[in-house]
Amino acid sequence: MLPTNESADDAPADNLPADKAPPEHVSTSSDSSPRAPSPNGRANAAEDSAPTSPPEAPTDPAMDPKLNIQDLHFWYGDNHALQGIHMDIQPNKVTALIGPSGCGKSTLLRCLNRMNELIEGTTMEGTVLVDGQDIYASNTDPVMVRRRVGMVFQKPNPFPKTIYKNVTWGAEINGYDGDLDALVERSLRQAALWSEVKDRLHTSALDLSGGQQQRLCIARTLAVEPDVVLMDEPASALDPIATSKVEETITELKQDYTIVIVTHNMQQASRISDETAFLYMGRLVEMNPTDQLFTRPEKDRTEAYVTGRFG
Ligand SMILES: Nc1ncnc2c1ncn2[C@@H]1O[C@H](COP(=O)(O)OP(=O)(O)OP(=O)(O)O)[C@@H](O)[C@H]1O
Ligand SMILES: [Mg+2]
């Protein structure tokens, strides 16, 4: 269960400023705000061409989804960026989000830990459940949500501090009273960085290579003990060797975490993910086990995209 406001006083959010109540323009599943206006009474061209009923995500009846997304809509002003997404994300799996630039992958990712509500002029409708709990409910604290659902960004963004301080930052803000040395070692081991930095923990994180910095950012996210880790193109700025290290790390992490990763790299999606969701113009076109989506896609549009005929 996600903690609520009662227990949230000490919560940090990785990479985020201390938070505030949701701005008024954010409508949630728990209120009845009207839908944002759409220009000309319609959202955008995707509505004309998209399927009338949303595709069902595959479900394993034996397993409750870690994340359950129901009829999720998101607007930047009048731009209807997400148009009714339904999706179940299974625990201890890697789920890849793919689709052409601007289709809404990052927007969807940010809806999963309430980061979008930090952007002015936006509106959301729909429901996002983590372990069955509505993360947009009025008694759910957004800072706690972002701690339980951590995020790793495209560009490594270590703080200008030591490697050690980067990892302990969230825990220290949180008043962590455990063994910080142990926390640092555990987090760096989980991020597959420990052996490379264990003798230089008190040197600047900015002296690490790009791939090491990205794994440090993964370690920093893990140090606040999230359940879910969101990654937005975490390897797109890295060379092939650093990329394969980050991919190995992700594959290891799924034993303990649920991972949702945005990638433009089809090979990467097929190497590391269990499920893949293909988005197009703000809609979920198809979500299936990765092997199936790449080799036997159900939808023509998915096939065209994965075979490189458009995108
Ligand atoms: N901060 C923002 N303010 C206004 N509009 C935004 C913002 N972020 C995204 N958008 C718009 O929302 C739509 C979806 O963008 P999003 O960044 O989610 O796409 P994406 O699939 O992640 O693309 P890419 O692969 O290029 O990263 C686009 O039309 C984009 O212009
Ligand atoms: Mg993006």
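First listed ligand is number 1; within each ligand, the first listed atom is number 1. Computed from a predicted model, the values in this text were never measured in an experiment.
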Which atoms of ligand 1 have any heavy atom of A81 under 4.0 Å away? 12 (O), 13 (C)
A student checking ligand 1 against H264 at a 4.0 Å heavy-atom cut-off should list atoms 24 (P), 25 (O)
L112 reachable from I85 in the ILVMFWY side-chain graph, under 4.5 Å edges: yes
Looking at [atom], what's its closest protein heavy atom, distance included?
{"atom": "atom 26 (O) of ligand 1", "result": "S101 OG, 2.4 Å"}
{"atom": "atom 15 (O) of ligand 1", "result": "T107 OG1, 3.8 Å"}
{"atom": "atom 21 (O) of ligand 1", "result": "K105 NZ, 2.8 Å"}
{"atom": "atom 31 (O) of ligand 1", "result": "N79 ND2, 4.2 Å"}
{"atom": "atom 7 (C) of ligand 1", "result": "Y76 CE2, 3.3 Å"}

Can you tell me if [X] uses its side chain to pair, donor with acceptor, with the backbone of [Y] under 3.5 Å?
{"X": "K105", "Y": "P100", "value": "yes"}
{"X": "N113", "Y": "V149", "value": "yes"}
{"X": "N79", "Y": "W75", "value": "no"}

With respect to [X], determine whether any N or O atom, backbone or side chain, lies less than 3.5 Å from an N or O atom of ligand 1.
{"X": "C103", "value": "yes"}
{"X": "G99", "value": "no"}
{"X": "G102", "value": "yes"}

Between Q190 and Y257, do the side chains contain a donor N or O and an acceptor N or O under 3.5 Å apart? yes
Checking side-chain polar atoms at under 3.5 Å, does E196 have a donor or acceptor matched by the opposite partner on Q212? yes
Side-chain contact, heavy-atom cut-off 4.5 Å: Q268 with I272? yes
Within a radius of less than 6.0 Å around NZ of K254, do more than 12 heavy atoms belonging to other residues, nucleotides or ligands occur? yes
More than 12 heavy atoms of other residues, nucleotides or ligands under 6.0 Å from CG of D179: yes or no? yes
Of the side chain and backbone of [X], name the one, both, or neither that has a heavy atom under 4.0 Å from an atom of ligand 1.
{"X": "T122", "result": "neither"}
{"X": "S106", "result": "both"}
{"X": "R110", "result": "side chain"}

Parallel, tilted or perpendicular, as decided by the 30° and 60° cut-offs, for the rings of F74 and Y76: perpendicular
Measure from the Mg ion (ligand 2) to each N, O or S atom of Q154 and report whether any distance is below 2.8 Å. no
Please verify whether a non-hydrogen atom of E233 lies at under 4.0 Å from ligand 1. yes
